[in-house]
Engineer: 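Quick one: the structure is below, and I'll ask about it shortly.
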Amino acid sequence: MTDQAQLLPGTLDLLILKAVSLGPLHGYGILLRIGQISGSALLIEQGALYPALFRLVRQGLLTSDWGTSENNRRAKFYELTPDGRKRLQEETEGWNRLASAMTSVLGAQPEEV
Amino acid sequence: MNLGGYLRSLAHKFFHRSAIADDLDEELRSHIEHRADDMERSGMNRAEAQRQARIEFGARERFKEESFEALGGDFLNTVWRDVRFALRVLRKSKGFAFAAIVTLALAIGANAVVYGVMDALILRPLRVPQAGSLWGLENGDGSGWQSYPNYRDFRERNHTFDDLAAIRMEFAALDMGSDPDQATGWSTSGNYFDELRIQPFLGRLFHPQDEKGLNSAPYLVLSYPYWHSRFQDDRGVVGRTILVNKHPFTIIGVTPPEFRGTLAFIAPDFFIPIIEDVDGENILNTRSINNREVFEILGHLKPGVTPAQATADLNAIGAYLEKTYPKEVDHKNYTLGRPGLFVFSRPAQAFVGGLMLLAGLILLAACANLGSLFAAHAADRSREVALRLALGSSRQRILRQLLTEAVVISLAGGALGLAGSVALLRKLAGWQPFPGAPIHLPISPDTRLYVVALVLALVSGFLFGIVPIRQVLRTNPYEIVKAGPVGQFGRRLTARDVLLVVQIAICAVLVTSSFVAVRGLERGLHSNFGFEPHNTMLAGTNLAMSGYRPDSWIPTQRRIIDAMRTIPGVERVALVNNFAPLIYAAGNTENVFKDETRERSQSHVASMSFRFEVSPEYFEAAGTTLLEGRDITWHDDKSAPPVAVVNREFAHRIFGSVPQAIGKYYRMQDGTRVQVVGVVEDGKYMSLTETQNAAMFLPFLLSPASQTQVLVRSRRDPEQLASAIRNKIRELDSGLPTDIETWTNMMEVVMFPARVATMALGILGLMGAILSITGIFGMAAYSVSKRLKELGIRMALGAQRREVLGAALGRSVKLLAAGSTAGLVLGVLASRVLASIVYQATPRDPLVLAGVVAAMLLLGLLATWIPAQRALTVNPLLLLRED
């Protein structure tokens, strides 16, 4: 557990959008996908996923539809809307800018200043 | 998302709540199944996998709740669910809900009734166009009377009013050929309707150009209600002739339905021009200070003129009039007042304001009561609250739930109280407190009343709803679930204790005030009026109504007196001009001067004195004690020198003492020299609350009046006597309307304010008593129920009944004592407020103090009786076995 990073506030939405952008997923699938692509480095409390999903649906970034999962169970699948795709792109760019800025700040050496 | 779509989704969510809930449930279940599938694949058995998956998922209810909220528009849903839950909870604790709703219904109902009356009498402007700029002239002494010539001067000399109109009362017989009717009308200046901007409903109204001197405009305008009830909406009455006191008038029109004149409590039946003389009194030329014939002067201010400017303007005219007519005009500082209540506005405002304050106190006491009930209720539910907290509910949700319960109760109570008060107000609106007196309360419950009740309900709901909040916020779920609710009954003063003390203090104030009021009324009823109203019948006639000429008035009145004497069982008969003391506007006043005073201007007045004109034997018929000298006789007529009987106060003021007064002289305003031949005891003349006034009784033979009352003293049954009197008068003149009532009944009008005040305060006091019973009972019952186990142990260990009682109820009794003492002290301090409402109110009355203490003790005893019984019948064995 200790090597799993705490989520920064506000990053859960971005993670969900990214996960869903790779193809329609149901709730549990989204958790698995995030775990898989982050190498299990990011911890998401399972229940906390759903309020976030509903919020994104309400904002019109995701749509949902019932379907059948790979386990042959009924599940609700989420898909990115065009608005959602645009938002993902913006948020990704914003994140990258922040990340590179943070990286360069944290990587600064005494002689570079 | 656009707004329309959002609203649609909101509505969709609201009405399809259960569909969404099912959807969400299924989705979460599907999630857990998928997780369990994975775990099963890694070798767990299915049941264990499902259990594990559920644990991993976390607080499902909380996430469900948050998901709902994330969906947006969930506020309504939450509220709706809270309301339904609240209803379920309340259904489970019916007694609690019932007590709370009834308490609130009473408190809010009382407030709504008082507000309704206040709205009708004080807050609401008159229903005339541009009521905002309409003002009436008030004399500095709290009255509004003026003589007609003074009115003319005010109208012509002012620079600040559009115009000034004048009104006076006219009680007259209306006759259209059959079935004559006594009606109340106003005679008004010709410009009255124009100044008020009133348009006719039918026909036309009269105007200034109709006035061409005395009796030049015999036109009569009907009010809509009178036209409706008496003429059944017959449009044909316009143009027809009607007799007013036998004088022919032409009906020219009807005023619109919403117009009820310019007084809040007397609605006129008809209007005639003020220049018409229908009662044998030509008021147009007499400026004398005693000729106070114009009841009120009113008008619209010119645009841009402030009331202060208008007041200065009127006072300048007053000063001019006093200088020009020093004998006739007495100028006090004039002020402007809102027409409607007019000179009654200050006492009415004080009274209604005082009632509103007390009603507010009732509501506050009810809130304190419900607050402690709620806190107790919440404490009893601490296990439920703890469970919900443990299951992941947020404290905010729980508080919202508790507040919802409070608001549901307060709305139910408010609705009930409002319904009751609307019924009561409707009754009040149709109420005729005195037969024959045209009192009309313009009460109509409307939206404002509903809004006030709603706001009061919501505010009180929040007030008592927030009491348990601290308690909930402090709840530690794990402790309570483990150990069960533990009552904290240390010596610490809890919020609940404070609330109870506050509540009882307020109730004690109310109980004190109602005791003070009842005592005041009792004293008023049994105080010395200076006459004995019991066993006396008053027969009022107005000879002008039957068309008698002034020179035939006195002979006719003598015939009436003689006829009364022939009725068997009648002991004394006498007559008084206008009205007997304490009847309606009995008080004619006049300035008197010392004999040696040569200049009779207002600055040399020796005393203002009530003036009654009476027949011989009046004092015996009225039961007034003659202290010294002689009665008025039939020889004191126009051929004899003028004499008077005065009261003790008069004798003291003018002559120094009673014996010194006999045979001495004083002078009237017009210079007449009057000899005092007798002195009678002091009395009340116009109102019960007046300070002792001087009074003089003059022979009626000297001043003929068409309006008189005959006093008939007899021990016979009043109804038989009344019909005998009526028959005798009919024998003399079958067409003369006669008004026969006992003196005591006629005095109801004077007693009315005191009675109403006492009734209102009595009801509020009773409500205070009920509230203190429920408050103490709730507290005592609760503390006994919480400590039953402890009491059981005490009893098992051998405690005596007294010790058990002390332990169970000591605290309640102490709080009761503290609250009552505080309330009693406050009640005594509030004596000033009460004194303005209630006649002879003095809380420094040992009987009142003892009464309040006894009442509070009794209430306390009553309220703790059942809990005490319960504490004493505890069966320790049974109790300790439980849990």
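Chain naming here is simple, since letters A, B, ... match the order of the sequence lines and numbering starts at 1 in each.
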Engineer: Atom CZ of residue position B/Arg46 - does it have more than 12 heavy atoms of other residues, nucleotides or ligands inside 6.0 Å?
Structural biologist: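 Counting other residues, nucleotides and ligands, CZ of B/Arg46 exceeds 12 neighbours.
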Engineer: Side chains of B/Ile32 and A/Tyr28, heavy atoms from C-beta outward: is any pair under 4.5 Å?
Structural biologist: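 B/Ile32 vs A/Tyr28: side chains apart.
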Engineer: Looking at A/Lys76, A/Arg73, A/Arg74, which has the largest count of heavy-atom pairs under 4.5 Å with chain B?
Structural biologist: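 Going by pairs under 4.5 Å, I would pick A/Arg73.
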Engineer: By a 4.5 Å heavy-atom criterion (distance strictly below it), what part of A/Leu56 contacts chain B: side chain, backbone, both, or neither?
Structural biologist: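 Contact with chain B: none, neither part.
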Engineer: Do B/Arg41 and A/Asn71 come within less than 4.5 Å of each other through their side chains, counting heavy atoms only?
Structural biologist: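 Counting from C-beta outward, B/Arg41 and A/Asn71 do come under 4.5 Å.
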Engineer: Could you tell me which of B/Glu26, B/Glu56, B/Glu33 has the largest number of non-hydrogen atom pairs under 4.5 Å with chain A?
Structural biologist: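 The residue among B/Glu26, B/Glu56, B/Glu33 with the greatest pair count is B/Glu26.
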Engineer: Is it true that B/Ser30 and A/His26 share a donor-acceptor pair across their side chains at a distance under 3.5 Å?
Structural biologist: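 On atom types as modelled, these side chains do not qualify, holding no pair under 3.5 Å.
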Engineer: More than 12 non-hydrogen atoms from neighbouring residues, nucleotides or ligands closer than 6.0 Å to CG on B/Asn45, yes or no?
Structural biologist: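 Atom CG in B/Asn45 is crowded, with more than 12 foreign heavy atoms closer than 6.0 Å.
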Engineer: For B/Phe98, look at atom CZ and say whether over 12 heavy atoms of other residues, nucleotides or ligands are found less than 6.0 Å away.
Structural biologist: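 Counting neighbours around CZ of B/Phe98, 12 or fewer heavy atoms of other residues, nucleotides or ligands fall under 6.0 Å, so no.
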Engineer: Do B/His34 and A/Leu32 have side chains that approach each other closer than 4.5 Å (heavy atoms only, starting at C-beta)?
Structural biologist: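 No, side chains not in contact.
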Engineer: Check the orientation of A/Tyr50 and B/His31. Use parallel for under 30°, tilted for 30 to 60°, and perpendicular for over 60°.
Structural biologist: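 Perpendicular: the ring planes of A/Tyr50 and B/His31 meet at over 60°.
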